[in-house]
Protein chains: 2
Amino acid sequence: MDTKVFAHHDHAACQAEGIAVAAAVCAQKGLRLTPQRRRVLEILLSRHRAMGAYAVLAILRGEGMGNQPPVVYRALDFLVKHGFAHKIERLNAFIACTRPGAPHAPAFLICRTCDTVAEAHIDPGGGTLGDEAGAAGFTIERTVVEALGLCPKCRDAA
Amino acid sequence: MDTKVFAHHDHAACQAEGIAVAAAVCAQKGLRLTPQRRRVLEILLSRHRAMGAYAVLAILRGEGMGNQPPVVYRALDFLVKHGFAHKIERLNAFIACTRPGAPHAPAFLICRTCDTVAEAHIDPGGGTLGDEAGAAGFTIERTVVEALGLCPKCRDAA
DNA sequence: ACTTGCATTGTTATATGATAACATCACTTA
DNA sequence: TAAGTGATGTTATCATATAACAATGCAAGT
């Protein structure tokens, strides 16, 4: 789990690696990491917090890279579709993936005080829910798992 | 788990029980199940599908029980706050609780074809995620768990 | 180089989901 | 019956997301 995001870490490396991996994966799969898409990923990578689409759009606007909602939604759709970013349903917001390239079922720990989001990974068909779904004949294709609470830093501060 | 919702069942009893339990719980806790709130719960209970707030509002309008968004959002807030309904984050929609009255951490199985939603219950601190959160010092307060896939009926039809 | 085809981007308009703010009404209890 | 609280009515607005279509860019084959 990438709970390092709750503590100090080499964030510059964190960002650089995110872009590098995305570029490599795109090259390998024949996807186009265009300037807009790349910039949106950089913006998401700049913080371990989920950002709303319109917050991203505001930054793009300031840089002359797009003025209308579809611009940012298309870039976000691309990043989510190919696993470079995730949508946090509870927040209607987006965050860069910390394990791009590898297929995985993400789960998130969301701090309600500082809004930091850590990405964990789970077995989609595992646990009680997987057992019950299996028993009921329900086929799980995707999972949304988001835990809300307090990160260690905010808990200690309180 | 209430996976009976994927199959034929006595739905009239299902609905009646939902209202009866809510009324009993409200009486016990000194909450007011007003006509609007009761009617919204009835509407949600009428199907095992999540409904958007505006879909509920459209029905209320047709019955002269409220014309503006805040009417339905206030009723839904009440129902969710007291555990008579849940919000499905993935769908931005609401569904009646199948275990009203008892505190619980709900999880949902959402069929992408027929939109039926079954409610299961999980141990919020259990499983891999609970372990990892504990190890990271993260305190889980609430969980959003939504599995998307195919219910038995729709899987067989395909 | 040319052109054909497809992915990407630009732009307008609108759909969909949610809340702030304030006035009014109703129920309780002292 | 007045005061306090919770519930409702209403207007306006904010926030999130997508449809539709035009214009552009890029890559592959000839």
Side-chain angles (χ1 to χ4, degrees), chain A residues 22-23 25-41 43-44 49-82 84-95 115 144 146, chain B residues 22-23 25-27 29-41 43-44 49-82 84-95 110 115 144 146:
Chain A
V25 171
C26 285
Q28 186 199 333
K29 295 192 184 172
L31 302 172
R32 293 168 58 191
L33 189 63
T34 63
Q36 271 184 349
R37 292 168 175 174
R38 180 193 200 91
R39 185 65 192 122
V40 169
L41 180 56
I43 291 168
L44 294 182
R49 287 177 174 76
M51 293 185 73
Y54 282 72
V56 175
L57 179 57
I59 294 176
L60 289 183
R61 275 192 173 124
E63 299 170 350
M65 288 194 70
N67 284 282
Q68 302 303 328
V71 169
V72 68
Y73 278 102
R74 287 194 282 231
L76 289 168
D77 285 349
F78 172 87
L79 295 173
V80 168
K81 181 176 180 184
H82 297 101
F84 304 131
H86 299 293
K87 181 173 187 183
I88 308 294
E89 298 292 344
R90 174 63 205 246
L91 304 177
N92 292 318
F94 301 82
I95 191 160
D115 293 324
V144 173
E146 299 169 1
Chain B
V25 170
C26 285
K29 295 193 185 172
L31 302 171
R32 293 169 57 189
L33 189 61
T34 63
Q36 272 183 350
R37 292 167 176 176
R38 181 192 199 93
R39 185 66 192 121
V40 169
L41 180 56
I43 291 167
L44 293 182
R49 286 176 175 77
M51 294 185 72
Y54 281 70
V56 175
L57 179 57
I59 295 177
L60 289 183
R61 275 194 173 124
E63 299 171 350
M65 286 195 70
N67 285 281
Q68 303 303 329
V71 169
V72 69
Y73 278 102
R74 287 195 282 231
L76 289 168
D77 285 349
F78 172 87
L79 296 173
V80 168
K81 181 176 178 183
H82 296 101
F84 304 131
H86 298 293
K87 181 172 187 183
I88 308 294
E89 298 292 344
R90 175 60 204 246
L91 304 177
N92 293 319
F94 301 83
I95 192 160
I110 306 168
D115 292 324
V144 173
E146 299 169 1

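Keep in mind it's a predicted model, so treat the numbers as computed, not measured. All values below were derived from every heavy atom in this structure, side-chain atoms included, with hydrogens, water molecules and symmetry-related copies excluded. So that the names make sense, note that chain A is the first sequence line, chain B the second, and so on, each numbered from 1.
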Between Y54(B) and dG17(C), is there a side-chain N or O to OP1/OP2 distance below 4.0 Å?
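For Y54(B), the contact criterion (side-chain N or O under 4.0 Å from OP1 or OP2 of dG17(C)) is not met.
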Just the atom pairs and distances: protein N or O near nucleotides 10-12 of chain C's N or O, under 3.5 Å.
from    : atom 1 : to     : atom 2 : distance (Å)
dG10(C) : OP2    : Q36(A) : NE2    : 2.6
dG10(C) : N7     : R74(A) : NH2    : 2.6
dG10(C) : O6     : R74(A) : NH1    : 3.0

Among pairs that include at least one residue of residues 50-60 of chain A, which meet salt bridge (Lys or Arg N to Asp or Glu O under 4.0 Å), considering only residues two or more places apart or in two chains?
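Applying salt bridge (Lys or Arg N to Asp or Glu O under 4.0 Å) to every pair that reaches into residues 50-60 of chain A, excluding sequence neighbours, yields nothing.
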For F78(A), check ring-ring contact (aromatic ring centres under 6.0 Å, His included) against everything at least two apart and list the hits.
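Here the qualifying residues are H82(A).
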Check every nucleotide of DNA chain D for an atom under 4.0 Å from a heavy-atom of chain A, then give the first and the last such nucleotide from 5' to 3'.
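Using the under 4.0 Å cut-off, the span is dT16(D) to dC26(D).
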Between A93(A) and G52(A), which heavy-atom pair has the shortest distance, and what is it?
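What the structure gives for the nearest pair is CB-N, 3.9 Å.
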[X]: what forms a side-chain contact (heavy atoms from CB on, under 4.5 Å) with it, not counting sequence neighbours?
X: K81(A); answer: none
X: N92(B); answer: N92(A), K87(B)
X: R49(B); answer: R47(B), C114(B), D115(B), T116(B)

Do any of residues 26-34 of chain A sit with a heavy atom less than 4.0 Å from DNA chain D, and if so which?
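Of all residues in residues 26-34 of chain A, the ones placing a heavy atom under 4.0 Å from DNA chain D are R32(A).
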Give the rounded distance in Å between these two atoms: [atom1] of [X] and [atom2] of [N].
X: Y73(B); N: dA21(C); atom1: OH; atom2: P; answer: 18 Å
X: L57(B); N: dT19(C); atom1: CG; atom2: P; answer: 14 Å
X: D77(B); N: dA20(C); atom1: CG; atom2: C1'; answer: 13 Å
X: L60(A); N: dT8(C); atom1: CG; atom2: C1'; answer: 15 Å

At 10 degrees resolution, what angle do the end axes of the helix from dA1(C)-dT30(D) to dA30(C)-dT1(D) form when each is taken over five base pairs?
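That helix has its two terminal axes inclined by roughly 30°.
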Tell me every residue that passes salt bridge (Lys or Arg N to Asp or Glu O under 4.0 Å) with E146(A), counting only those two or more places apart in sequence or in another chain.
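Here no residue qualifies.
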Can you list, pair by pair, the side-chain donor-acceptor contacts under 3.5 Å of residues 64-73 of chain B, counting residues two or more places apart and other chains?
none

Under 4.5 Å between any side-chain heavy atoms of I43(B) and M51(B), yes or no?
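When only atoms from C-beta onward are counted, M51(B) and I43(B) do touch, with a gap below 4.5 Å.
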When rounded to the nearest 0.5 angstrom, what is the spacing between [atom1] in [X] and [atom2] in [Y]?
X: L79(A); Y: L33(A); atom1: CG; atom2: CG; answer: 7.5 Å
X: F94(B); Y: L41(B); atom1: CZ; atom2: CG; answer: 13.5 Å
X: L91(B); Y: I110(B); atom1: CG; atom2: CD1; answer: 4.5 Å

Name all residues meeting the side chain to side chain donor-acceptor pair (under 3.5 Å) criterion together with E63(A); count only those two or more places apart in sequence or in a different chain, and write none if there are none.
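Side chain to side chain donor-acceptor pair (under 3.5 Å) list for E63(A), sorted by chain: R39(A).
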Want to settle it: does F78(B) or G52(A) sit nearer the 5' end of DNA chain D, counting the closest nucleotide to each?
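Looking at DNA chain D, the more 5' nearest nucleotide goes with F78(B).
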